[in-house]
Amino acid sequence: MISVKLVVLCFVVVGMMAGTARAANPVVVVETNHGSIKIELFEDKAPGTVKNFLQYVEDKHFDGTIFHRVISDFMIQGGGFEPGMKEKKARDPIKNESGNGLSNLKGTLAMARTNVPDSASAQWYINLKDNTFLDKAKARDGVGYCVFGRVIDGMDVVDKIKAVDTDTVKGHENVPTKDVVIKSVKVVKAEKK
């Protein structure tokens, strides 16, 4: 006859193994000249997008870029331009993973793209409010924009950035009149699920 203690021990061991089997999500800190923004990346929901983003982080692509598009009641966008609106060369575009069940809610991170569904490369944005019209289910093009992370600390910094003055610069609208610099983006740790 199996003892109760042995059965309980088996459940504890199995539970511990299941807990360690679930990988933690990567976390990055975006250091700006307005403060730090800590972001959890949803690797389980958007694996290709997160891999792409982390490769740009490893390559230090984002370091020294700016938030080049700020629309105070919509989103802040960065990852593709240096001060003076000089576009940075990006790698090839990635597959759009917008059908991952995540929504463009306030504080989420998503990939910017052109009208071509699979055109996202280095540029990303943080939603300043719930923008569910960008989700696959509600998007006019039936594709939408891929959410792949969320701000877990630093929305006060995001709010500072959304309040900057903007103008049209070199044909680009909603460009901050004073550069909002992304000093660095670094992986800090993983968050347990």
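For the numbers below, each heavy atom of this structure counts, side chains included, while hydrogens, waters and symmetry mates do not. Heads up: numbering here begins at 1 and tracks the sequence. Please read all numbers here as calculations on a predicted model, not as lab measurements.
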(Q) Run the ring pair (Phe, Tyr, Trp, His ring centres under 6.0 Å) test against H61 and tell me which residues pass, sequence neighbours left out. (A) Y56
Q: Please tell me if the side chains of T32 and V30 come closer than 4.5 Å, counting only heavy atoms from C-beta onward.
A: yes
Q) Between atom CG of D135 and atom CG of N100, what is the distance when rounded to the nearest 0.5 Å? A) 9.0 Å
Q | Selection residues 73-85 - residue pairs positive for salt bridge (charged side-chain N to carboxylate O under 4.0 Å, His left out), sequence neighbours left out | A | none
Q.
Quick test of your reading: applying side-chain hydrogen bond (donor to acceptor under 3.5 Å, both in side chains), list the pairs with at least one residue in residues 146-165, sequence neighbours left out, ordered by first then second residue.
A. E40-R150
Q: Write out all pairs satisfying side-chain hydrogen bond (donor to acceptor under 3.5 Å, both in side chains) with one or both partners inside residues 166-184, taking only residues at least two apart or from two chains.
A: none
Q. F42: which other cluster members, linking ILVMFWY side chains closer than 4.5 Å, directly or transitively?
A. L102, V147
Q) What distance do T108 atom OG1 and I126 atom CD1 have between them, rounded to the nearest 0.5 Å? A) 9.0 Å
Q: Sequence neighbours left out, what pairs pass salt bridge (charged side-chain N to carboxylate O under 4.0 Å, His left out) with at least one residue falling in residues 55-68?
A: D59-R91
**Q.** OH on Y145 to OG on S103, rounded to 0.5 Å
**A.** 14.5 Å
Q: Apply side-chain contact (heavy atoms from CB on, under 4.5 Å) to K136 and list each qualifying residue two or more places apart in sequence or on a separate chain.
A: S98
**Q.** Distance in Å, F81 CZ paired with E87 CD, rounded so as to fall on 0.5 Å steps
**A.** 4.0 Å
Q) How about R69 and M75: do any of their side-chain heavy atoms sit closer than 4.5 Å? A) yes
Q: Write down the atom of I39, the atom of L109, and the distance for their closest heavy-atom approach.
A: CG2-CD2, 3.8 Å
Q.
With a 4.5 Å cut-off on side-chain heavy-atom distances among I, L, V, M, F, W and Y, is there a chain of contacts connecting L41 to L105?
A. no
**Q.** N127 side chain vs F74 backbone, donor-acceptor pair below 3.5 Å
**A.** no
Q) So if you build clusters from Ile, Leu, Val, Met, Phe, Trp, Tyr with side-chain heavy-atom gaps below 4.5 Å, do V180 and V185 land together? A) yes
(Q) Test of understanding: with side-chain contact (heavy atoms from CB on, under 4.5 Å), list the residues that count as partners of T65, not counting sequence neighbours. (A) F62, K88, I182
Q | Close side-chain approach of V28 and L54, heavy atoms under 4.5 Å | A | yes
Q) Looking only at heavy atoms, which two atoms of K95 and T49 are closest? And how far apart? A) O-OG1, 4.4 Å
Q. Which residue pairs satisfy the side-chain hydrogen bond (donor to acceptor under 3.5 Å, both in side chains) criterion with at least one member in residues 113-125, sequence neighbours excluded?
A. H68-Q123, Q77-Q123, N104-Y125, R113-D141, T114-S119
Q. Is the closest side-chain heavy-atom distance between V164 and H34 below 4.5 Å?
A. yes
Q.
As an exercise, state the distance from CD1 of I37 to CD of E31, rounded to the nearest 0.5 Å.
A. 9.0 Å
Q | ILVMFWY cluster, V116 and I94 together (side-chain gap under 4.5 Å) | A | no
Q. Side chain of N96, backbone of G144: donor and acceptor closer than 3.5 Å?
A. yes
**Q.** Partners passing ring pair (Phe, Tyr, Trp, His ring centres under 6.0 Å) against F148 (at least two apart in sequence or in another chain)
**A.** F53
Q | Cluster link V57 to V151, ILVMFWY, side chain under 4.5 Å | A | yes
Q. Under a 4.5 Å cut-off applied to non-hydrogen side-chain atoms, are I71 and L128 in contact?
A. no
